[in-house]
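Per chain, numbering begins at 1; letters A, B, ... match sequence-line order. Below, all heavy atoms of this structure are taken into account, side chains as well, without hydrogens, waters or symmetry copies.
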There are 2 protein chains.
Amino acid sequence: MWAILTAAARPVRIAAMGSRGHAPQAGLRERKKERTRSRIQDHALRLYLKQGYSRTTVEQIAEAADVSQSTFFRYFSTKAETVLYDRFDPVFLEKFGHQPAELAPFDALRRALWEVFEEIEPEALMLEQSRWRLVAEEPELRASLPEGTRQGTAMLANAVAERVGRRPDDLAIRIWVGALVGAIYAAFFAATEDPDGNYLEYIDAAIAQLEAGLPL
Amino acid sequence: MWAILTAAARPVRIAAMGSRGHAPQAGLRERKKERTRSRIQDHALRLYLKQGYSRTTVEQIAEAADVSQSTFFRYFSTKAETVLYDRFDPVFLEKFGHQPAELAPFDALRRALWEVFEEIEPEALMLEQSRWRLVAEEPELRASLPEGTRQGTAMLANAVAERVGRRPDDLAIRIWVGALVGAIYAAFFAATEDPDGNYLEYIDAAIAQLEAGLPL
DNA sequence: TGTGAAAAGAGAGTAACTGTCAGGTTGGGT
DNA sequence: ACCCAACCTGACAGTTACTCTCTTTTCACA
């Protein structure tokens, strides 16, 4: 699942975009911005799929979305972000946090993942997967992916720490989460190499192996 | 230990640099190239430490090392590579491969790490650590680090697969290595946050936790 | 000492970003 | 209805990493 990997790029982004922070009910201004943002991302993804990521320039995206380059960079601080931005991340973190307290971390994790996947409509899932493939195939994207991961890892560490009642900077927690993310990472790339591989199955395999004490 | 993390950047690099491939005994030409390479990296690191990574331009490095920018890019395909390039990686992989076959993977790993660290002189170790700190602190470097990791992970997976007599594309192997690298990654960053932390100890902790079946 | 191949340099070009400034748009308060 | 302040947007110039192509220099070897 992507969530864990890229998670926290999002809150940072939103904060940086000058939303008022509190207002949960979006005003006209906010909604217009949201639309502009989606429009840019849509055009960007469409161009990437059509002519490849590196052969698409920001200028082209801006033109297609009918905004200036300045505006493009106001919405996405880098070109890569148009791909890496993941709207399911906060959903996952929320589900994870709301799993019953008596569940072991691995079970909570698994259930949260299932719930997120169940909610995604098949059509949206297809689009997501093409986005994932893009990330897996484009070196530049693969490269900028894990910086998001690092922050995401920190957030997940917080959630796990809370669940087991320990401090989030506890070394054991950090190592645990690091191993988890690394394993899922490996499973993710294995899944992208398998033409009709089911991402969720691969990730399940990773979780199961960790749960079993990492046998070889 | 860095080795695992950045490993394979090196062979690629060397292959791309037009060395004859076979000749193990270096001729004058080869040695001159090696010197130029070191000279560039030395000046680069010195400038980074003095004025910061992002405030140092390739032009400045080239000038300081008395080469043209063209030449700079012939030796390092990106600016980040001047930092990420790790001469201990091949050493580590070799040591790991030569551990007695009856050792469990975790033990082989631990011993190989110790052997590498023992060989490094204290002075060189200090320099290495300042390099690591640079990587940990500079966002752009953190970002470009894991692409090297990915290739390094693949090489480590090969070594592990051979050791346990399985195919390197075995999913369990890939997950195992992924978890290992992820855990070490986490330990590494924890170590950089601890002013007088000993990297090796942190990494040892990660290995021990994995060995114990990843308890929480 | 001459010669062919490899290395280095020169220079023009591309594209991702950054910073600034000026003009237009929006929304809350009167 | 109007105005002010905050905000959004575009235009534009500049920086810098990186690429390509072409020419000149250096060096191994005969």
Side-chain angles (χ1 to χ4, degrees), chain A residues 13-23 25-37 39-40 44 47-48 51-84 138-141 143-144 147, chain B residues 13-23 25-37 39-40 44 47-48 51-84 138-141 143-144 147:
Chain A
R13 188 97 283 279
I14 281 181
M17 271 177 56
S19 79
R20 297 266 175 61
H22 39 287
Q25 201 61 312
L28 189 148
R29 216 160 195 160
E30 309 296 320
R31 271 179 295 149
K32 190 181 176 188
K33 268 166 55 174
E34 200 55 41
R35 275 210 313 277
T36 305
R37 177 179 190 76
R39 199 173 70 240
I40 294 175
L47 284 166
Y48 298 157
Q51 60 191 29
Y53 176 79
S54 60
R55 269 160 313 190
T56 304
T57 69
V58 170
E59 195 179 0
Q60 291 174 331
I61 299 167
E63 195 178 350
D66 200 34
V67 295
S68 70
Q69 290 197 39
S70 311
T71 302
F72 175 93
F73 282 111
R74 274 193 201 97
Y75 281 91
F76 297 93
S77 57
T78 65
K79 180 183 168 189
E81 215 175 316
T82 54
V83 184
L84 297 179
E138 193 66 38
E140 193 187 327
L141 289 173
S144 44
E147 178 52 16
Chain B
R13 186 99 285 277
I14 282 181
M17 271 177 56
S19 80
R20 300 263 177 63
H22 39 288
Q25 200 62 311
L28 190 150
R29 214 156 194 160
E30 308 296 319
R31 271 179 294 149
K32 189 180 177 190
K33 267 165 59 175
E34 201 55 40
R35 275 211 315 277
T36 305
R37 175 179 193 76
R39 199 173 71 240
I40 295 175
L47 285 167
Y48 297 157
Q51 61 192 29
Y53 176 79
S54 59
R55 270 161 312 192
T56 303
T57 68
V58 170
E59 195 179 358
Q60 292 173 331
I61 299 167
E63 196 179 348
D66 200 35
V67 294
S68 69
Q69 289 198 42
S70 311
T71 301
F72 175 94
F73 282 111
R74 274 194 201 96
Y75 280 91
F76 297 93
S77 56
T78 66
K79 181 183 169 188
E81 214 175 319
T82 54
V83 185
L84 298 179
E138 192 66 39
E140 193 187 329
L141 289 173
S144 43
E147 179 52 15

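- Counting to the nearest Å, the P atom of dT19(D) and the CZ atom of R55(A) are 16 Å from each other.
- In this model, a side-chain donor or acceptor of S70(B) finds a partner on the base of dA10(C) within 3.5 Å.
- Here the side chain of T71(B) is nearest to one of dT9(D), dT19(D), dG9(C), namely dG9(C).
- Comparing dT18(C), dT9(D), dG9(C) by their closest approach to the side chain of R74(A) singles out dT9(D).
- Protein atom CD of E59(A) is 13 Å distant from nucleotide atom C1' of dC12(D), rounded to whole Å.
- Here the P atom of nucleotide dC20(D) and the CZ atom of F72(B) are 17 Å apart, to the nearest Å.
- For the pair K79(A) and F72(A), the cation-pi criterion (under 6.0 Å, within 45° of the ring axis) is not fulfilled.
- Residue-level contact check: T56(B) touches the backbone only, with heavy atoms under 4.0 Å from sugar-phosphate atoms and none from bases.
- The minimum heavy-atom distance linking A64(B) with L47(B) is given by the pair CB-CD1, 4.2 Å.
- Taking 4.0 angstrom as the limit, K79(A) places none of its side-chain polar atoms (N or O) nearer than this to OP1 or OP2 of dA15(C).
- Taking only side-chain nitrogens and oxygens, Y75(B) never comes nearer than 4.0 Å to OP1 or OP2 of dA7(C).
- Atom CZ of F76(B) and atom P of dT19(D) are 15 Å apart (whole Å).
- Summarising the geometry, the separation between CD1 on I40(B) and C1' on dG9(C) is reported as 13 Å, rounded to the nearest angstrom.
- A straight line from CD1 of I61(B) to C1' of dA17(D) spans 11 Å, rounded to a whole angstrom.
- In this structure, the side chains of T78(A) and F73(A) stay at 4.5 Å or more apart for every pair of heavy atoms.
- As a whole-Å value, the separation of Q69(A) CD from dC8(D) C1' is 17 Å.
- Under the 6.0 Å distance and 45° angle rule, R39(B) does not count as a cation-pi partner of Y75(B).
- Between F73(A) atom CZ and dC17(C) atom P there is a gap of 5 Å when expressed in whole angstrom units.
- Listed candidates were dA16(C), dA7(C), dG9(C). Nearest to the side chain of V58(A) is dA16(C).
- Put simply, CD on E81(B) and CD1 on I40(B) are 11.5 Å apart, with the number rounded to the nearest 0.5 Å.
- In terms of phosphate contacts, K32(B) brings no side-chain nitrogen or oxygen within less than 4.0 Å of OP1 or OP2 of dA7(C).
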